[in-house]
Student: 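Following this message is one structure expressed as structure tokens.
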Amino acid sequence: STIKLSTYLQDADPEYAEQDKTALRAFPTERNELFEYDVIVIGDVDPRPLPRNVWQNIRAFVTEKGGGLAILAGPRFMPWLYRDNPDIAALLPVSLDHLEGSADVPLAADITRGFVVRPTPLGLQNAAFQLGANLPETEQIWRNLAPLYWLAQFGDLKPAAQVLAEHPTHTGTNGRNLPVICFQFVGAGRVLFQAIDSTWRWRTGV
């Protein structure tokens with residue numbers, strides 16, 4: 001199978017779009033243009049430079065077209081600058097109402113010793129989490145992945161949210177382990193949320 005990738009970087013030099021064949025000069029603002037895609041991945045993006053209709057179109061892309069959306073947290077903008085964005089707030093499987101920290105001072109869990117992400121039993125049923133040939137091998141691989149050092153801390157999950165991976169020890173105000181990777185169906189589509197920003201570390205020694 002093949003993937004046709006398009007990328008949009010907010011901080012890229014103007015020459016970037018000429019040097020990278022995947023690069024878009026601007027984020028698609030027209031609904032029909034956005035609906036040509038199957039999956040949208042949003043990283044630590046500053047929402048302020050983008051027009052409001054972009055977020056409305058992304059919401060429709062998921063709920064009406066049935067597209068897939070992956071949202072990745074980061075220390076600068078996501079999720080702190082999205083508290084007043086009703087479209088992204090409606091799509092996220094976590095609630096922004098009681099988000100800890102701020103865009104200026106995000107909380108960093110286990111900044112010195114790190115933590116090893118623990119898949120939940122539900123997550124281990126997901127094909128994307130099955131890294132080994134069988135369940136014991138898969139669990140061993142997850143235990144041996146490199147530790148991470150930053151986590152956007154959420155305590156409240158939406159009623160339909162499914163937690164696929166969690167922090168091994170830290171708990172939220174609800175007494176449950178902090179969600180690290182979670183998922184939910186929204187309308188006709190689906191949304192994956194990652195509260196971590198450094199899965200690239202998992203390539204180390206693998």
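Given the structure is predicted, the values throughout are model-derived calculations rather than measurements. Computed from heavy atoms alone, side chains included, the values below leave out hydrogens, waters and symmetry copies.
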Student: What pair of heavy atoms forms the shortest contact from Gln162 to Leu122, and how long is it?
Tutor: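 Smallest interatomic distance, heavy atoms only, reads CB-CD2, 3.4 Å.
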Student: Using atom types as modelled and distance alone, determine if a side-chain donor or acceptor of Asn85 lies under 3.5 Å from a backbone N or O of Ile88.
Tutor: yes
Student: Rounded at 0.5 Å granularity, tell me how far CD1 in Ile181 sits from OG1 in Thr120.
Tutor: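 With rounding to 0.5 Å, CD1 (Ile181) is 9.5 Å from OG1 (Thr120).
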Student: About how many Å separate NZ of Lys65 and CZ of Phe35, when rounded to the nearest 0.5 Å?
Tutor: 7.5 Å
Student: Could you go step by step and tell me if Val163 and Phe183 meet the side chain to side chain contact (heavy atoms under 4.5 Å, CB included) rule?
Tutor: CA-CA 6 Å; Val163 179; Phe183 168 90; over 6 Å; no
Student: Between Gln130 (side chain only) and Leu124 (backbone N and O only), is there a donor and an acceptor less than 3.5 Å apart?
Tutor: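 Here the side-chain-to-backbone pair exists.
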Student: Does any part of the side chain of Leu192, heavy atoms only, come nearer than 4.5 Å to the side chain of Ile71, both counted from C-beta?
Tutor: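 No, side chains not in contact.
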Student: When you measure from the side chain of Gln184 to the backbone of Leu91, do you find a donor-acceptor pair of N or O atoms at a distance under 3.5 Å?
Tutor: yes
Student: Taking Trp142 for its side chain and Val116 for its backbone only, find out whether a donor-acceptor pair lies under 3.5 Å.
Tutor: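 Pair absent, no side-chain N/O of Trp142 close to backbone of Val116.
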Student: Are there over 12 heavy-atom neighbours, none belonging to Asn32, within less than 6.0 Å of that residue's CG?
Tutor: yes
Student: I'd like to know whether Arg52 forms a salt bridge (charged side-chain N to carboxylate O under 4.0 Å, His left out) with Asp87, so could you lay out the CA-CA distance, the side-chain angles of the two residues, the decisive distance to 0.1 Å, and finally the verdict.
Tutor: CA-CA 9 Å; Arg52 174 63 186 276; Asp87 299 299; 3.5 Å; yes
Student: Could you give all pairs that pass the ring-ring contact (aromatic ring centres under 6.0 Å, His included) test and reach residues 38-68, with sequence neighbours left out?
Tutor: Trp55-Tyr82
Student: Which heavy atom of Ala161 sits nearest to which heavy atom of Pro93, and what is that distance?
Tutor: CB-O, 3.3 Å
Student: Among residues at least two apart in sequence or on other chains, which ones pass salt bridge (charged side-chain N to carboxylate O under 4.0 Å, His left out) with Arg176?
Tutor: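 Salt bridge (charged side-chain N to carboxylate O under 4.0 Å, His left out) list for Arg176, sorted by chain: empty.
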Student: Pro119 and Val117: which non-hydrogen atoms are nearest, and at how many Å?
Tutor: CD-O, 3.7 Å
Student: Name all residues meeting the side-chain contact (heavy atoms from CB on, under 4.5 Å) criterion together with Ala89; count only those two or more places apart in sequence or in a different chain, and write none if there are none.
Tutor: Leu96
Student: Once you round to the nearest 0.5 Å, how far does NE2 of His170 lie from CZ of Phe115?
Tutor: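 Between His170 NE2 and Phe115 CZ, I get 9.0 Å after rounding to 0.5 Å.
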Student: What heavy-atom pair brings Phe154 and Pro79 nearest, and what distance separates the two atoms?
Tutor: CZ-CG, 3.4 Å
Student: Partners of Glu166 by side chain to side chain donor-acceptor pair (under 3.5 Å), sequence neighbours excluded?
Tutor: Arg118
Student: Please check this pair: side chain of Lys158 against backbone of Ser95, looking for a donor-acceptor N/O pair closer than 3.5 Å.
Tutor: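 No: the side chain of Lys158 does not pair with the backbone of Ser95.
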Student: Roughly how far, to the nearest 0.5 Å, is the CD1 atom of Ile3 from the OG1 atom of Thr22?
Tutor: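 Rounded to the nearest 0.5 Å, the OG1-CD1 separation comes out at 12.5 Å.
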Student: Which heavy-atom pair separates Gln194 from Thr199 by the least distance, and what is that distance?
Tutor: NE2-CG2, 3.8 Å
Student: So, taking the atom named CZ in Arg59 and the one named CG in Leu69, what distance separates them when rounded to the nearest 0.5 Å?
Tutor: 12.5 Å
Student: Run the side-chain donor-acceptor check on residues 36-51: report pairs under 3.5 Å with partners two or more places apart or on a different chain.
Tutor:
from  : atom 1 : to    : atom 2 : distance (Å)
Tyr37 : OH     : Ser6  : OG     : 3.3
Asp44 : OD1    : Phe77 : N      : 2.7
Asp44 : OD1    : Met78 : N      : 2.7
Asp44 : OD2    : Arg76 : N      : 2.9
Asp46 : OD1    : Arg48 : N      : 3.0
Asp46 : OD1    : Arg48 : NE     : 2.9
Asp46 : OD2    : Arg48 : NE     : 3.4
Asp46 : OD2    : Arg48 : NH2    : 3.0

Student: Which pairs with one or both residues in residues 141-152 pass salt bridge (charged side-chain N to carboxylate O under 4.0 Å, His left out), sequence neighbours excluded?
Tutor: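 Pairs touching residues 141-152 that pass the test: none.
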Student: Check whether any side-chain N or O of Asn177 sits under 3.5 Å from a backbone N or O of Pro168 as a donor-acceptor pair, and report yes or no.
Tutor: yes
Student: Say you draw a straight line from CD of Glu30 to CG of Asn57; how long is it, rounded to the nearest 0.5 Å?
Tutor: 7.5 Å
Student: Over all heavy atoms of both residues, which pair between Cys182 and Leu157 is shortest? Give the atoms and the distance, please.
Tutor: SG-CD2, 4.4 Å
